[in-house]
Amino acid sequence: MALFNKDPKKSIVSSMVKEASQREPRMPAILLRLHFHDCFVQGCDGSILIDNVKEAERNAFGHEGLGGFAEIQTAKTQLEVQCPGVVSCADIVALAARDAVVMAGGESYEVETGRRDGRVSDLSFASKMPDVDDSIEVLKEKFKTKGFTEKDLVILSGAHTIGTTACFFMPKRLYNFTGKSDADPSINPKFLPELRSKCPKNGDVNVRISLDNLSERNFDDQIMHNIKNGFAVIASDARLYDDNITRAVVDSYLEITEKSNPNSSSFGNDFGLAMVKLGRLEVKTGLLGEIRKVGDHIV
């Protein structure tokens, strides 16, 4: 793939991210999540955007709560005016994710471009998306099938340093972890009452709670501290401390922070490298794809 990071066209995407984030503070996390969900199913091909087919990929259970579709289309419309048929929707999603990280205070990284958009969207293809209640063994296997290491799993999960989740994903962890009306024992006893008060049993499942209570809108390594100390919000983050390998990765970032300036942690740099690797996942080029004129429609 190529790079057009020094091309003025990139400013269209970055301007969209900035304006959208001013309207909706959660937008950086929303756009970052959209890129991950696009790439993990059929590769980074913009298929997550499509909605004019009977059973669109974006409607799969594993994509519950995804957003940012209108924002990507806004950038696409502007790019089609400036340079019609040149920039794929898949590239826009990837660029928006990078700009979202920067908007939240994270480190920038180079985004490779040249992806083409996929022509297929089917919700059945999303059946192997990582699930919030997956065991660490299942999470490791799902990432392994995509070519990711245990370190990649930890780093990409670190995206949860920003954004929110819905109470929809919390009942099992808070009220029926082993089927015996119990809570996940990895939750810090001081934290459990807070989580239950925010997501009461049989309460409103649409209520949103911070994935990182201490710095929800700041892209930093606080999520690693939360995981170690029992303050991870969702179960899949907590599971990273269940395994010797992933636990060691989490601890490695904490050791860096403790021995140096907290702002000099290598997590930010490693996250950028992992995102570049994610952005290469099953990329379509040449005749394998197309450049859609409208983000959410295939013809």
Side-chain angles (χ1 to χ4, degrees), residues 1-5 13 30-53 55-64 66-69 71-73 75-76 79 85-101 109-131 134 138-153 155-157 159 271-299:
M1 289 188 290
L3 289 169
F4 68 61
N5 280 40
V13 178
I30 290 170
L31 291 171
L32 182 54
R33 185 181 182 220
L34 184 65
H35 180 45
F36 176 81
H37 282 246
D38 181 36
C39 293
F40 215 85
V41 181
Q42 301 189 84
C44 307
D45 67 350
S47 59
I48 192 68
L49 306 173
I50 298 168
D51 74 348
N52 71 327
V53 295
E55 295 188 326
E57 173 188 321
R58 64 194 275 180
N59 296 325
F61 180 80
H63 296 318
E64 190 75 26
L66 275 184
F69 303 109
E71 286 70 26
I72 298 300
Q73 183 54 47
K76 177 62 176 173
L79 283 164
V86 173
V87 186
S88 68
C89 300
D91 277 352
I92 296 172
V93 172
L95 288 164
R98 187 273 312 279
D99 292 337
V101 170
Y109 55 90
E110 293 293 316
V111 177
E112 296 171 319
T113 57
R115 303 169 187 81
R116 293 177 72 83
D117 298 318
R119 300 187 181 97
V120 177
S121 177
D122 190 318
L123 62 81
S124 67
F125 296 152
S127 62
K128 295 186 179 180
M129 276 294 299
D131 185 82
D134 282 341
V138 171
L139 288 170
K140 286 168 60 175
E141 183 60 29
K142 286 182 176 180
F143 274 73
K144 182 180 179 181
T145 60
K146 295 295 181 178
F148 294 118
T149 65
E150 287 91 344
K151 183 175 182 178
D152 295 327
L153 165 59
I155 295 171
L156 291 173
S157 297
F271 186 81
L273 295 174
M275 288 296 287
V276 171
K277 184 175 180 179
L278 172 68
R280 294 171 176 167
L281 191 60
E282 300 171 37
V283 164
K284 295 173 179 61
T285 58
L287 298 177
L288 295 178
E290 63 184 359
I291 295 180
R292 293 198 298 271
K293 293 184 177 180
V294 180
D296 58 7
H297 277 59
I298 50 177
V299 295

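Just the heavy atoms: all of them, side chains too, but no hydrogens, waters or symmetry mates, feed the values below.
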In the structure I gave you, are the side-chain heavy atoms of [X] and [Y] within less than 4.5 Å of one another anywhere?
| X | Y | answer |
| --- | --- | --- |
| Ile50 | Asp296 | no |
| Val101 | Phe271 | yes |
| Tyr109 | Val276 | yes |
| Leu123 | His63 | no |
| Ile48 | Val41 | no |
| Arg33 | Leu66 | yes |
| Phe36 | Met129 | yes |

Q) Looking at residues at least two apart in the chain, or sitting in another chain, which of them share a side-chain hydrogen bond (donor to acceptor under 3.5 Å, both in side chains) with Glu57? A) Gln42, Ser47
Q. Looking at residues at least two apart in the chain, or sitting in another chain, which of them share a side-chain hydrogen bond (donor to acceptor under 3.5 Å, both in side chains) with Arg116?
A. none
Q: Answer yes when Asp117 and Lys284 have at least one side-chain N-carboxylate O distance shorter than 4.0 Å, and no when they do not.
A: no
Q | Arg115/Asp45 ion pair, N-O < 4.0 Å | A | no
Q: Report the C-alpha separation of Asp38 and Arg58 in whole Å, then their side-chain angles, then the decisive distance to 0.1 Å, and conclude whether the side chain to side chain contact (heavy atoms under 4.5 Å, CB included) test is met.
A: CA-CA 9 Å; Asp38 181 36; Arg58 64 194 275 180; over 6 Å; no
To the nearest 0.5 Å, tell me how far [X] [atom1] sits from [Y] [atom2].
| X | Y | atom1 | atom2 | value |
| --- | --- | --- | --- | --- |
| Ile291 | Leu79 | CD1 | CG | 11.0 Å |
| Cys44 | Leu281 | SG | CG | 5.5 Å |
| Phe143 | Asp134 | CZ | CG | 9.5 Å |
| Asp91 | Lys76 | CG | NZ | 9.5 Å |
| Leu49 | Gln73 | CG | CD | 8.5 Å |
| Asp131 | Lys142 | CG | NZ | 5.5 Å |

What is the minimum heavy-atom distance between [X] and [Y], and which atoms define it?
| X | Y | result |
| --- | --- | --- |
| Ile92 | Ala75 | CG2-CB, 4.0 Å |
| Leu156 | Met275 | CD2-SD, 3.9 Å |
| Gly46 | Ala90 | N-CB, 3.6 Å |
| Leu32 | Ala159 | CD2-CB, 3.7 Å |
| Leu153 | Ser157 | O-OG, 2.7 Å |

Q.
Using modelled atom types and a 3.5 Å cut-off, is there a donor and acceptor pairing between side-chain atoms of Arg292 and backbone atoms of Ile298?
A. no
Q) Has Lys146 got its NZ or CZ under 6.0 Å from the middle of the six-membered ring of Phe40, at an angle within 45 degrees of the ring axis? A) yes
Q) Could you walk me through whether Ile72 and Val13 pass the side chain to side chain contact (heavy atoms under 4.5 Å, CB included) check? A) CA-CA 8 Å; Ile72 298 300; Val13 178; over 6 Å; no
Q: Can you establish whether the number of heavy atoms outside Lys151 located under 6.0 Å from its atom NZ is more than 12?
A: no
Q. For Val93 and Leu95, what are the C-alpha separation, side-chain angles and deciding distance, and is it a side chain to side chain contact (heavy atoms under 4.5 Å, CB included)?
A. CA-CA 6 Å; Val93 172; Leu95 288 164; over 6 Å; no
Q) Yes or no on side chain to side chain contact (heavy atoms under 4.5 Å, CB included) for Asp51 and Phe69, after CA distance, side-chain angles and deciding distance? A) CA-CA 10 Å; Asp51 74 348; Phe69 303 109; over 6 Å; no
